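Working notes, structure below.
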2 protein chains.
Amino acid sequence: MVEKPAVRPGGRSARVQRAVHEAVITLDKEVPRDRLSVPLIAERAGVTPSTIYRRWGNLKELLADVAAERLQPDTPVADTGSLEGDLIAWAGEYMEEMTSTPGQQMLADTLGSTSLEQRQRCLQAQRHQLQLILSRAEARGETPLPTVERLLDGVMAPLTYRLSYAPQSLSKDNLAQWIAATLR
Amino acid sequence: MVEKPAVRPGGRSARVQRAVHEAVITLDKEVPRDRLSVPLIAERAGVTPSTIYRRWGNLKELLADVAAERLQPDTPVADTGSLEGDLIAWAGEYMEEMTSTPGQQMLADTLGSTSLEQRQRCLQAQRHQLQLILSRAEARGETPLPTVERLLDGVMAPLTYRLSYAPQSLSKDNLAQWIAATLR
DNA sequence: TCCTCTAACGCAAAATATTTGCTTTAAAGC
DNA sequence: GCTTTAAAGCAAATATTTTGCGTTAGAGGA
């Protein structure tokens, strides 16, 4: 049912995938969430509904796929000159994005899907970004350095937890405290 | 669309709510998730589909409501004689339950819903349980005691984060470490 | 207790969405 | 080029969701 989206990456298959993803993203800005339907997306993408059902299974999985895609980092992490600064900048931007209405929706889309696959993509991306930040810190000679897992547990976990359960309670101060405590 | 489920708690309304909740829970054990539909649930509950749509809006919200209900603690927290022991026992049981297939599903149901309300119910329940554990520790004279928020960030957050993103990587050791580090 | 009022339910028709069998198309590999 | 085949299109069959309207059972007052 749900398989690798791009088996034939070269041609039509890839075009359809792009068209559908783009249709989801633009429609999501135009219509309220509970009006977003497969036939609507299909029409905008210039594709038949059955194509979407055959490829993604159902709306939920499609939305999870699109959300996971959008959560892949597209901009490089800013280099502020220190590990703590880089973390605050990067995680702060993530927090900013995810407290917005579309961000909250993306989070719900990925966390609500049945397949673990999309969530693992997101985790992998976060690991990768943190690894990058740590490598730069190492190159600067900063020490001692925490592990990636420690940063995930100490910073990304509380951030994500609150993004889901109490987004209104989040603040930059909060974030800075988690980071400081984790680096200590 | 989505309003307080029990406006008239006394009679028919409450019966319908119970019947529908029970239908969801039993059907969820009998049929694969992608076969669970509103008409199916309605039939099992002895209710008309439109009743469910009018009351819960759609399947997603219904599932979130049921999941949040099931996540309310029904058994009192075990008293092991120490704060650390109590935390390991309670969070360990939670971890156990949530790594199972139905547990993962419940988590996805609550985190995937649009309305923050159900998730706040869950957070409130967790806060309450932790508060209970802390009160007992205080009565024992244990000191220093962490705050509830500290336990949420230090223990429940990493636990929940991994339950969503990498459930297979979880272990009791992991949990014990988070608890020990948080109490330190 | 009885009466009135109304939120919530049932029913069934209409509108939408999903599934499926079969045909057609367009990349991949030779 | 030619062949092969995954993926897309099309359209009919199902299934689900929405909606208007009549009915019912609790709530609250006389």
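These figures come from a predicted structure and were not determined experimentally. These values consider heavy atoms only, across backbone and side chains, with no hydrogens, waters or symmetry-generated copies. Proteins get letters first, then strands, A, B, ... in listed order; numbering begins at 1 in each.
- Electrostatic pairing of A:Asp79 and A:Arg140 counts as a salt bridge here, judged by a charged N lying under 4.0 Å from a carboxylate O.
- In this structure, CG of A:Asp34 is placed 15 Å from P of C:dT16, rounded to the nearest angstrom.
- OP1 and OP2 of D:dG9 both lie 4.0 Å or more from every side-chain N or O belonging to A:Arg12.
- A donor and an acceptor atom sit less than 3.5 Å apart, one in the side chain of B:Arg54 and one in the base of D:dG20.
- Residue-to-nucleotide proximity on DNA chain C shows that, of A:Val38 and B:Thr48, the 5′-proximal contact is made by B:Thr48.
- D:dT16 atom P lies 11 Å from atom CD of B:Glu43, rounded to whole Å.
- When heavy atoms are screened at a 4.0 angstrom cut-off, A:Ser37 is found touching the sugar-phosphate backbone but no base atom.
- Following rounding to the nearest Å, A:Asn58 (CG) and D:dT16 (P) show an atom-to-atom distance of 14 Å.
- Residue B:Thr51 has no polar side-chain atom (N or O) positioned under 4.0 Å from OP1 or OP2 of C:dA8.
- To the nearest angstrom, C1' of C:dT20 lies 17 Å from CD1 of A:Ile52.
- Between the side chains of A:Arg121 and A:Gln118, at least one donor N or O sits under 3.5 Å from an acceptor N or O.
- The phosphate of D:dA8 (OP1 or OP2) has a side-chain N or O of A:Arg55 nearer than 4.0 angstrom.
- For the pair B:Arg18 CZ and C:dC9 P, the computed distance is 13 Å after rounding to whole Å.
- Between A:Arg35 and B:Pro39, it is B:Pro39 whose nearest contact on DNA chain D lies nearer the 5' terminus.
- The residues A:Glu97 and A:Arg70 are annotated as not salt-bridged, no charged nitrogen and carboxylate oxygen being separated by less than 4.0 angstrom.
- Put simply, CZ on A:Arg15 is 10 Å from C1' on C:dA27, counting in whole angstrom units.
- Atom pair A:Leu59:CG and C:dT19:P shows a separation of 11 Å (rounding to whole Å applied).
- One N or O donor and one acceptor, one from the side chain of A:Ser50 and one from the base of D:dC10, sit under 3.5 Å apart.
- No donor-acceptor contact under 3.5 angstrom links the side chains of A:Gln129 and A:Tyr94, judged on distance only.
- Salt-bridge check for B:Arg136 with B:Glu142: failed, with every basic side-chain N at 4.0 Å or more from each acidic carboxylate O.
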